[in-house]
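As a basis for the values below, the full set of heavy atoms in this structure was taken, side chains included, without hydrogen atoms, waters or symmetry mates. We name chains A, B, ... by the order of the sequence lines, and we start the count at 1 in each one.
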Amino acid sequence: MKYSNFFLPTLKDVPSDAEIISHKLMIRAGMIKQSSSGIYSWLPLGLLVLKKIEHIVREEQNRAGAIELLMPTIQSSDLWIKSGRYDDYGKEMLRITDRSGREMLYGPTNEELITDIFQSHISSYKDLPKNLYHIQWKFRDEVRPRFGVMRGREFLMKDNYSFDLNEEEAKKSYDIMFKAYIKTFIRMGLTPISLRAETGPIGGNLSHEFQILAKTGESTLYYDKKLESLNPENIDPNELQSFYAAVDDQHDEKNCPIQKKDLKISKGIEVGHIFYFGTKYSEKLNAYIQDQDGKNIPVHMGSYGIGVSRLVGAIIEANHDEKGIQWPTSVAPFKLAIINLMSDDQDCATKSMEYYDYFMKNEIEVILDDRICSVGKKLSDNELIGIPFQIIIGKRDLKNGFVEFKNRLNNKVEKIKVDDVTNFINNKLKI
RNA sequence: CGGGGAGUAGCGCAGCCUGGUAGCGCACCUGGUUUGGGACCAGGGGGUCGAAGGUUCGAAUCCUUUCUCCCCGACCA
């Protein structure tokens, strides 16, 4: 992508209604534009990141055996009346009346719909287990939306639903998702901390929430330091669930089961939540299956959510400095930025185009800053948007046969011989 | 939902107290000079001052109503 063809409206000043750092940076980096309170348009750069996150979530879900489908955003009130949640959800549910007076709603979650889909097609234990998911926009009319996409009213969520014969099988499904969640967040360059959680209005008896560490997080976490250095290739959900982790109001220093030297305290942001809730919805929505004895029993269910759009903000909260965003490479909108400092210098332009063509041909996600503007603006804009690897081409160094390489993740700069650039970058990208 | 704050050019703000027909910085356009850290000079475009009503000869400014947005708290993925 050439910067001059892209749509990337960066801002020097922060709009006054942004408070937290990720919100400010997302606006300044031209990732989002607010449309109403808690509702945002995703501009091209923001959308690229959102898609990256969505892609990782999808891959890990598929790998864990979940099957993707897509349910609508607008639902009829019927199923919600059956489940009893039409009244329970209250004002947080956005209700709409269609032209013939039917009561509709913008889905805040999908337990009802998925249970209905399940029950109309599956009736035998032989078809279990099943785990279905979708990645779809939700709407919850929050009393107080805030913090940009971290707590929007409209938000993108991955939610899936497991169906099992009994509690024991359901726990297996639960653990598979538990493991998939840890892997998902680690792949995004985050440090996930799993906590035993209250089940809340979704109900049930087993639940974990997943927080990621960020200095600016809202909750204070107390946890076993072992949780900070998990090997994603080797996760044992049961072992992991036995590690100590608690939010501040659950943590009691006197009764803490682990030694002080193993206890870490950090701030966190919640990005995922999983529940096992047994037969709560299957009974109400008639999702019964026949077991081996031909007996009709309600199916055991779990639901699992990841806040995809919230993760964009959360990743920024965990990865930024005073100059801007520092994208982990796995979610970066571009892997590489080629910054031509002297757009109207023939040598600089030729050299940057040469690199650009090479990386485009090799399918490296690259953005070429070919804008005609001052050096300072280019460098600071590129710091702001946080592309992890940057090649900076200027007249001064090019004359001597060098360009600069900048690693935005640690801000280290080194000079590279012009002929070594492609190999150098290829090696960096392999890691 | 309780408490607080704010709506004036794309963004950030001043003007409001004390009424006289709107200004600054950035951004944008034109020309020129620049070019390794958000450049400089000159010229230029852009506003029914959130909306409605009222007071007044005259309202961004005073009064009333209303809408929107933000912050703190409670609540929640």
Colleague: Parallel, tilted or perpendicular, judged at 30° and 60°: which one describes the rings of A/Phe424 and A/Phe405?
Modeller: perpendicular
Colleague: Salt bridge (charged side-chain N to carboxylate O under 4.0 Å, His left out) with A/Lys172: which residues, sequence neighbours excluded?
Modeller: A/Glu169
Colleague: B/U55 pairs with which nucleotide, Watson-Crick or G-U wobble, both distances below 3.5 Å?
Modeller: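 No nucleotide pairs with B/U55.
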Colleague: Can you tell which of A/Ile315, A/Ile56, A/Leu311 makes a side chain to side chain contact (heavy atoms under 4.5 Å, CB included) with A/Phe185?
Modeller: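 Result: among A/Ile315, A/Ile56, A/Leu311, A/Leu311 is the only option passing the side chain to side chain contact (heavy atoms under 4.5 Å, CB included) with A/Phe185.
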Colleague: A/Gly152 near the nucleic acid: base, sugar-phosphate alone, or nothing, with a heavy-atom cut-off under 4.0 Å?
Modeller: base
Colleague: Using heavy atoms and a sub-4.0 Å distance, could you list which residues of residues 62-77 of chain A are near RNA chain B? By number, please.
Modeller: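 Correct list: empty, so none.
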Colleague: Heavy-atom count check: over 12 atoms from other residues, nucleotides or ligands less than 6.0 Å from A/Glu168 CD?
Modeller: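 No - once you tally the heavy atoms of other residues, nucleotides and ligands closer than 6.0 Å, there are 12 at most.
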Colleague: Just checking A/Lys91: base, sugar-phosphate only, or nothing, at a heavy-atom cut-off of under 4.0 Å?
Modeller: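 Answer is sugar-phosphate: A/Lys91 comes under 4.0 Å of backbone atoms only.
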Colleague: Does a side-chain N or O from A/Ser37 land closer than 4.0 Å to OP1 or OP2 of B/C70, or not?
Modeller: yes
Colleague: Does B/A27 pair with anything, Watson-Crick or G-U wobble, both distances under 3.5 Å, and if so, with which nucleotide?
Modeller: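 Per the H-bond distance test, none.
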Colleague: Do A/Ser219 and A/Gln211 come within less than 4.5 Å of each other through their side chains, counting heavy atoms only?
Modeller: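 Yes - at least one pair of side-chain heavy atoms lies under 4.5 Å apart.
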Colleague: With the criterion being N/O to N/O and under 3.5 Å, what pairs connect the protein with nucleotides 2-6 of chain B, and how long is each?
Modeller:
none

Colleague: Output all residues satisfying side chain to side chain donor-acceptor pair (under 3.5 Å) with A/Thr220, sequence neighbours left out; order by chain, then residue number.
Modeller: A/Lys267
Colleague: Taking atom P in both B/U65 and B/A22, compute the distance separating them and give it to the nearest angstrom.
Modeller: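 Going atom to atom, P in each nucleotide, I get 30 Å.
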Colleague: Is there a donor and acceptor pair, one atom on the side chain of A/Arg151 and one on the base of B/A77, closer than 3.5 Å?
Modeller: no
Colleague: Could you run through nucleotides 25-41 of chain B and give me one letter per nucleotide, 5' to 3': B if any protein heavy atom sits under 4.0 Å from the base, S if only the sugar-phosphate is that close, - if neither?
Modeller: B---------BBBBS--
Colleague: Are A/Glu142 and A/Arg153 within salt-bridge range, i.e. N to O under 4.0 Å?
Modeller: no
Colleague: Can the ring centroids of A/Tyr222 and A/Tyr244 be said to lie less than 6.0 angstrom from one another?
Modeller: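 Not close enough - the centres of the two rings lie 6.0 Å or further apart.
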Colleague: So what's B/C40 paired with, Watson-Crick or G-U wobble, going by both distances under 3.5 Å?
Modeller: B/G32
Colleague: Under 4.0 angstrom, heavy atoms only, what part of the nucleic acid is A/Val271 near: base, sugar-phosphate, or nothing?
Modeller: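 Here A/Val271 touches no strand at all.
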Colleague: Do the rings of A/Phe359 and A/Tyr355 sit parallel, tilted or perpendicular, given the 30° and 60° boundaries?
Modeller: tilted
Colleague: Take atom C1' in B/A51 and the same atom in B/A42, then report the distance between them in whole Å.
Modeller: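 Comparing C1' positions in B/A51 and B/A42 gives a spacing of 41 Å.
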Colleague: Does this structure show an ion pair linking A/Asp321 with A/Arg408, if we count only N-O contacts that are shorter than 4.0 Å?
Modeller: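 Salt bridge present between A/Asp321 and A/Arg408.
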Colleague: Is A/Gln34 near enough to B/U68 that one of its side-chain N or O atoms lies under 4.0 angstrom from OP1 or OP2?
Modeller: no
Colleague: Tell which nucleotide pairs with B/A6, taking only Watson-Crick or G-U wobble pairs whose two distances are both under 3.5 angstrom.
Modeller: B/U68
Colleague: Using the P atoms only, state how far B/C29 lies from B/G10, rounded to an integer number of Å.
Modeller: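 So the two P atoms sit 15 Å from each other.
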Colleague: Starting the side chain at C-beta, find the nucleotide from B/C13, B/A77, B/C72 nearest to A/Ser16.
Modeller: B/C13
Colleague: Do the numbers put A/Arg371 on top of the ring of A/Phe6, so that NZ or CZ is under 6.0 Å from the six-membered ring centre and no more than 45° off the axis?
Modeller: no
Colleague: Could you tell me whether A/Glu142 contacts a base, only the sugar-phosphate backbone, or nothing, with contacts defined as non-hydrogen atoms closer than 4.0 Å?
Modeller: base
Colleague: What donor-acceptor contacts under 3.5 angstrom involve side-chain atoms of residues 7-16 of chain A, with partners at least two apart or in another chain?
Modeller:
{"unit_1": "A/Thr10", "atom_1": "OG1", "unit_2": "A/Asp381", "atom_2": "OD1", "d": "3.1"}
{"unit_1": "A/Thr10", "atom_1": "OG1", "unit_2": "A/Asp381", "atom_2": "OD2", "d": "3.3"}

